[in-house]
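Some notes on the structure that comes next.
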Amino acid sequence: MKVLSVNAGSSSLKFSLFEMPEEKELICGVFERIGIDNSFYSLKLNDQKIKKEISLADHKIAFEILINELINNNIISSLDEIKGIGHRVVQGGAYFKQSALASPDNMRIIEELASLAPLHNPPAITGVKAAMEVFKNATQTLVFDTAFHQTIKKENFLYSVPYKWYTDFGVRKYGFHGTSHKYVYSKVNKLIGNDDTKVITCHIGNGASITAIKNGKSINTSMGFTPNAGLMMGTRSGDIDPTIITYMLKNKTMTVEELENVLNKESGFLGISEFSSDSRDIEDGIESGNEKCILAQEMYVKRIVNYIAKYYVELGGCDAIVFTAGIGENSIKTRADVINKLYALGIKLDKEQNNVRGEERLISTIDSKIPVYVIPTNEELIIASDTYAMIK
Ligand code: ADP
């Protein structure tokens, strides 16, 4: 059975088509600059990359072009071969504890939840509606970034603000990257041959979050009410003293929107280094002695180390630590910097094993008290598997 995994942004549409249950990826790609000028799409098929420039008025047209490409490349012979479409939805609030069908009721709920994720939920809704128009006979599902974290207990998900903020406005920790944390957790359990484990999963990409998982359940995670909480990120501040916000608003000529933009798009690596949001550039900067890049990396690493240490205590020990996503999978330096600061926990890096990018591997020494793994994430596959399970 063929299942399409979809991640719709406001002007983009990422997709992967899987043969299930074999979990074989047949094609993947992205449509970019939808609804604006210079739009194009790129496909990856049989290790070949194809890029085409074409006008893309909306997401529906992108889906129609995708179908043509699938037929022209002999991946499908008719539209009906695609039985399921799984849509990534960032914010499922407290309603969705697992993936769900895109029924009218569920669609209404994610529309209501858009106020909690104004940048993310509306484009996902656009994507679902466009897919429904094009793939009329397929089962459409919603797979949430937040669902995996719904097992977190109140003492961990509440902020110490008036309780009414939670009951009246939904102010609480929701957590994100749930599909990624869930995926690498199930992978690491297979590697260590045990299901009842305590694992700390570090999803370190442009956006970054760390999760403490016990016996399959998320018990705490670093992101919060929004994806700008916890760690320092590429352009996001992560946790800061909340009074900085009111101080900056009172004392500077900055609107609320401008401040929100700075905290989300001009902070993190970019804000501190005044150089780049990309960890590859930061590493180059460090090589050439750029002091702000050195400082940015130190701050970045320290926050990751602090979360790992905190979750080690919270879990009451740890059976494995996993690094995943862009930086976690590829930055040899960041992993080494983090692990070397964890020696107090008896964690030891195997320098040679750590010399790896984008590959599943044990990177700690045999005598390390906790094994540390690199496991490439695959959020698209989780979306396809959940969709397949719902169809079954
Ligand atoms: P997103 O949160 O946008 O999905 P990714 O998980 O794709 O982000 O991570 C993107 C980041 O991964 C890039 O900004 C870059 O900093 C980092 N990255 C990718 N390759 C490397 C590499 N070889 N070395 C260091 N960092 C890398």
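Counting starts at 1 for both ligands and their atoms, following the listed order.
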- request: List the closest protein heavy-atom neighbour of atom 16 (O) of ligand 1: residue, atom name, distance to the nearest 0.1 Å.
  value: Ser279 N, 2.7 Å
message: Check this for me: does any side-chain nitrogen of one of Arg361 and Glu359 sit under 4.0 Å from a carboxylate oxygen of the other?
response: yes
task: Check for a donor-acceptor pair, side chain of Ser12 on one end and backbone N or O of Ala8 on the other, with a separation under 3.5 Å.
output: no
task: Would you please classify the geometry between the Phe225 ring and the Tyr174 ring as parallel, tilted or perpendicular, with 30° and 60° separating the classes?
output: tilted
query: Hey, does Gly207 come in under 3.5 Å of ligand 1, counting only N/O atoms on both sides?
result: yes
- prompt: Does Phe169 have Lys164 sitting over its ring (NZ/CZ under 6.0 Å from centre, angle to axis within 45°)?
  reply: no
message: Given Asn206, Ile332, Ile327, Thr235, identify the one with the heavy atom nearest to atom 8 (O) of ligand 1.
response: Asn206
message: When you measure from atom 4 (O) of ligand 1 to the protein, is at least one non-hydrogen atom found at a distance under 4.0 Å?
response: no
query: Judged by atom type as modelled, is there a donor-acceptor pair below 3.5 Å linking the side chain of Glu25 to the main-chain atoms of Ile27?
result: no
field: His203 N/O under 3.5 Å from ligand 1 N/O
entry: no
query: Which of the atoms of ligand 1 are close to Glu283, meaning less than 4.0 Å from one of its heavy atoms?
result: 25 (C)
- request: Kindly say whether the aromatic ring centers of Tyr300 and Phe269 come within a distance under 6.0 Å.
  value: yes
message: Give me the residue, atom name and distance of the protein heavy atom closest to atom 21 (C) of ligand 1.
response: Asn330 CB, 3.4 Å
